[in-house]
J.: 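The structure is given below, and queries will be raised subsequently.
First listed ligand is number 1; within each ligand, the first listed atom is number 1. In this text the structure is predicted, and so the values were computed from the model without any measurement. Along the sequence shown, residues are numbered consecutively beginning with 1.
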Amino acid sequence: MSSEGKDLVKVRDGGVPIAALTAYDYPTARLLDEAGTDLILTGDSLGMVVLGHEDTTHVTLEEMRHHTRAARRGVKRALFVSDLPYKTYETPEQAVDSARQLRADGADAVKLEGGADVAEQIRAIIADGIPVFGHLGMLPQHILEEGRYKKKGKSEAEAQHLLAEALLLDQLGVRGMVLESMFRRVAREITAAVSVPTIGIGAGHGCDGQILVTHDLIGAFPWFCPPFAKPKTDVAGATSQAVRDYIDDVRSTTTVTSGAATSLR
Ligand code: KIV
């Protein structure tokens, strides 16, 4: 793990909150790294914002490996984490095998979704010497069972369950945990209870840091943006405008020689 990455734990001693973002390719990873992002994640959100799938359950380990290698080339300074995709950590053995592959591709740590249901997998990966980040709350890889994306921790029972899961992850030795789409009081309670940094997404401002899908931050995926993400720029709009200008330029400056204007199809 990079030395900066190890320093993430300092946030617990009153340090600077963690600013984390996703990257799936070299130029984005390099831009994020050079701008000072603390943690860069090649997330399996890849499936939706890059590969055009409905949800993250279609992402394969091969696809994660390909994009992990590309993003890794752009990260010199930040902690670099990669997601274990859907059904690649069903058993401790499979989890270790998958984590080793992402590690070989340059991930400083791997992230996986769940608590007690994946405790043996987390234990095995850590025992193999690979740092792990947990992920609790709304779990995108569970969309097929749950049917919709729902904010977690509304009832006291659900809040207590999430807290117990977070304490378990902490006890297992994760380096940190993502808390996704949960009621802010629950995320705050978890953050106060665990010894490692919590990184929130749609979980309020009481975590040790925040993570966003970069496309949501820069307005690069205009067809869907979660309500908690406030785009800071409009890359999609700028791209569409540049493309329209280019089309106009081509059409107004290119002379078509007779006979060449046949259909492209
Ligand atoms: O896949 C992903 O991008 C993630 C973040 C949203 C935390 O897991």
J.: Using the rule given for side-chain hydrogen bond (donor to acceptor under 3.5 Å, both in side chains), can you reason through H142 versus E113, listing the C-alpha separation, both sets of side-chain angles and the distance that settles it, and then say yes or no?
T.: CA-CA 9 Å; H142 289 219; E113 295 183 7; 4.9 Å; no
J.: Closer than 4.0 angstrom, basic N to acidic O: yes or no for K76 and D33?
T.: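 No salt bridge links K76 with D33.
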J.: Geometry only, no angles: is E180 polar-contacting ligand 1 at N/O separations under 3.5 Å?
T.: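 Between E180 and ligand 1, no N or O pair is found under 3.5 Å apart.
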J.: Among protein heavy atoms, which lies nearest atom 5 (C) of ligand 1, and at what distance?
T.: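 Looking at atom 5 (C) of ligand 1, the protein heavy atom closest to it is L41 CD2, 3.8 Å.
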J.: Would you indicate whether the side-chain heavy atoms of I143 and Y149 approach each other to under 4.5 Å?
T.: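 Yes; the side chains approach each other to less than 4.5 Å.
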J.: What I want to know is whether D83 and ligand 1 share at least one N or O pair that is separated by under 3.5 angstrom.
T.: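 N/O-N/O distance below 3.5 Å exists for this pair.
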J.: N/O of T22 under 3.5 Å from N/O of ligand 1, yes or no?
T.: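 No; every N/O pair is 3.5 Å or more apart.
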J.: Tell me whether D108 is salt-bridged to R72, with the criterion being a basic N under 4.0 Å from an acidic carboxylate O.
T.: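 Salt bridge: yes.
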J.: Say whether E113 and ligand 1 are in contact under the criterion: heavy-atom distance to a ligand atom below 4.0 Å.
T.: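 No.
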J.: To check you understand the geometry: which heavy-atom pair defines the closest contact between D216 and A229, and what is its length?
T.: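 Taking every non-hydrogen atom into account, CB-CB, 3.7 Å.
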J.: Taking only Lys NZ, Arg NE, NH1 and NH2, and the carboxylate oxygens of Asp or Glu, determine whether K152 and E165 approach each other closer than 4.0 Å.
T.: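 Answer for the salt bridge query: no.
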J.: Under 4.0 Å from any heavy atom of G43, which atoms of ligand 1 are there?
T.: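 Close to G43: 1 (O), 2 (C), 3 (O).
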J.: Before accepting this row, confirm whether a basic side-chain N of the pair K154/E158 lies closer than 4.0 Å to the acidic partner's carboxylate O.
T.: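 E158 and K154: not salt-bridged.
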J.: Heavy-atom pairs closer than 4.0 Å: do any link ligand 1 to the side chain of I201, the backbone, both, or neither?
T.: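 Only the side chain of I201 comes within reach of ligand 1.
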J.: May I ask you to identify the nearest protein heavy atom to atom 8 (O) of ligand 1, giving residue, atom name and distance to one decimal place in Å?
T.: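 Looking only at protein heavy atoms, the one closest to atom 8 (O) of ligand 1 is K111 NZ, 2.8 Å.
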J.: Which protein heavy atom lies closest to atom 2 (C) of ligand 1, and at what distance to 0.1 Å?
T.: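 It is S45 OG, 3.3 Å.
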J.: Can you sort out which atoms of ligand 1 are near H135, meaning under 4.0 Å from one of its heavy atoms?
T.: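 Listed by number with element: 8 (O).
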